Amino acid sequence: MSQLRAVINLDVPGPTVSRHLYGHFAEHLGACIYGGIWVGEDSAIPNVRGIRTDIVEALREIAIPNLRWPGGCFADEYHWRDGVGPRADRPSMVNTHWGNVVEDNSFGTHEFMDLCEQLGTEPYISGNVGSGTVREMAEWVEYLTRGGEAPMSSLRRENGRPDPWRVKYWGIGNETWGCGGNMRGDYFADLARQYSTYCRNHDGNVLYKIASGARSDDYAWTQSLMQTLGDYGCGCNPKHYFDAVSFHFYTTMTDRKTGRATDFSTDEYLESLANAWRVETMIKRHSNVMDVYDPEGRIGLVLDEWGTWWAVEPGTNPRFLYQQNALRDALIAGLHFDAFHRNAGRLVMANIAQTVNVLQAMLLTSDDVLIKTPTYHVFEMNKDHHDAARLDVHLLDATPTAHHDDATVPLVTTTATAKDGRALISLTNLDPEADHTVAYDLRGGSPSDVSARILRADSPQAHNTREAPDAVAPVGYDGATLSENTLTVTIPAHSFITVGFETGRTHPSESEDQR
Ligand code: AHR
């Protein structure tokens, strides 16, 4: 067991940790939409206008701030006009990327916006660049957001929605280096300017445009985008074509086919952690590239796909990306959130892939039963970080580490925030074997009223099933004690803890979006 000392200055609030770092992603892929979120109005499973009620309730509990849709790779073959109007009249298509299944377009724009309204979340729509047209994207924006008399607003009205919606987050393409068109960076950068030009702000709706970004550590892609941001043509009317650039990073085993979600050795566990830790380096290095072109930090970095990607569960369609979710996934989520908190500011949004039944899901469905995964519980336990002010955690001792091949794997990570006079510390112990202790010296306040919760199980492989839905679920924890201004927390091997307390100070926190 290591004993670590840390200092937190309760009177020095840092940047706001945007709630959008806790964003989500739902694609027309496997059983995420169909059979997951969307069961249809005639289903025996309780639903509101076809949207599964227990899913809405569970996601409301974790206050999801935004939901990205319809893809992913699917977004670049999605034609929105096929998904509006009477369902019986909607044409079908083949979802060529995800299993060649026939998509009947019964879940379209109106259904998605209804879902967002039921969830109380902001839509993040990913527009089609790969196989769509500028006109098609421009008209989708108009259909969604324009009021009054205009061709697209009239069509929307005919389809049952008189008032325009408010849509802020707008993606220009997805993985345009791959499934979104196999483009080169400079070519897409120009296309992003072109598409962006025609995605207008209608009737006071202001779009926040996110250009499809890099794969993992492709910093040259970010450079291409950043270089083309400004209007260098005449210099007379500087425009900025997008508000953010994205990148995607998944935690995988070196060989995706063999990395199983629940059946892994300690060595494989360490390999996956080593890969997961790469996320923080990538955030920093993409940010460094952005700093060169945007020293004022006006353009946001958006990690709009992240999460674990294991081999699919035996017997399931390999293109449906259905995987179990173990305590290891929860610990990897804890690691990511700490990296997000430490880089809040330039990093403005992150979206886990994906919300239901796909990859690192929050929720798994089994007929009429809904299973909350260990990852779901980390989102819930970390909820009070949303829009709170970061409190930097200064570790005075080196964290314990493990090694996998050439990689050094830090085994303890912790961050803190404060909001409305109450602080929340998150603490992840990735160590497969040893407990550790962190003693936080809480300066500049009068801490009191400590309460802690823990997510743990006998092994990192533990997971929730239909038969044992609460095998991994948070419980109260008495391993956090306050003595004067020192908060001492013992964190058992492979566990995630949150500790809340009154700071004795009032911290300002921005409730509005960061940018
Ligand atoms: O989330 C699954 C897929 O991963 C997405 O469709 C794509 O953008 C990424 O490659």
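Order of appearance sets the numbers: ligands from 1, and atoms from 1 within every ligand. Heads up: numbering here begins at 1 and tracks the sequence. Computed from a predicted structure; not experimentally measured.
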Salt-bridge present ([X], [Y]; N to O < 4.0 Å):
X	Y	value
K168	E122	no
R260	E268	no
R161	D114	no
E380	K372	no

In terms of residue, atom name and distance, what is the protein heavy atom nearest to [atom]?
atom	result
atom 1 (O) of ligand 1	Y250 OH, 2.7 Å
atom 10 (O) of ligand 1	E175 OE1, 2.7 Å
atom 8 (O) of ligand 1	E305 OE2, 2.7 Å

More than 12 heavy atoms of other groups within 6.0 Å of R466 CZ: yes
Ligand-residue contact atoms, ligand 1 with [X], heavy atoms, under 4.0 Å:
X	value
N174	8 (O)
L359	1 (O), 2 (C)
W309	4 (O)
Q354	1 (O), 2 (C)

Contact summary for L424 and M381, nearest pair of heavy atoms: CD2-O, 3.8 Å
Once you restrict to heavy atoms under 4.0 Å, what part of [X] touches ligand 1? Side chain, backbone, both or neither.
X	value
W98	side chain
V358	neither
F25	side chain

N or O contact, C73 vs ligand 1, cut-off under 3.5 Å: yes
Cation over ring face, R278 and F249, 6.0 Å, 45°: no
Any side-chain donor near an acceptor of the partner, D304 and Y124, under 3.5 Å: yes
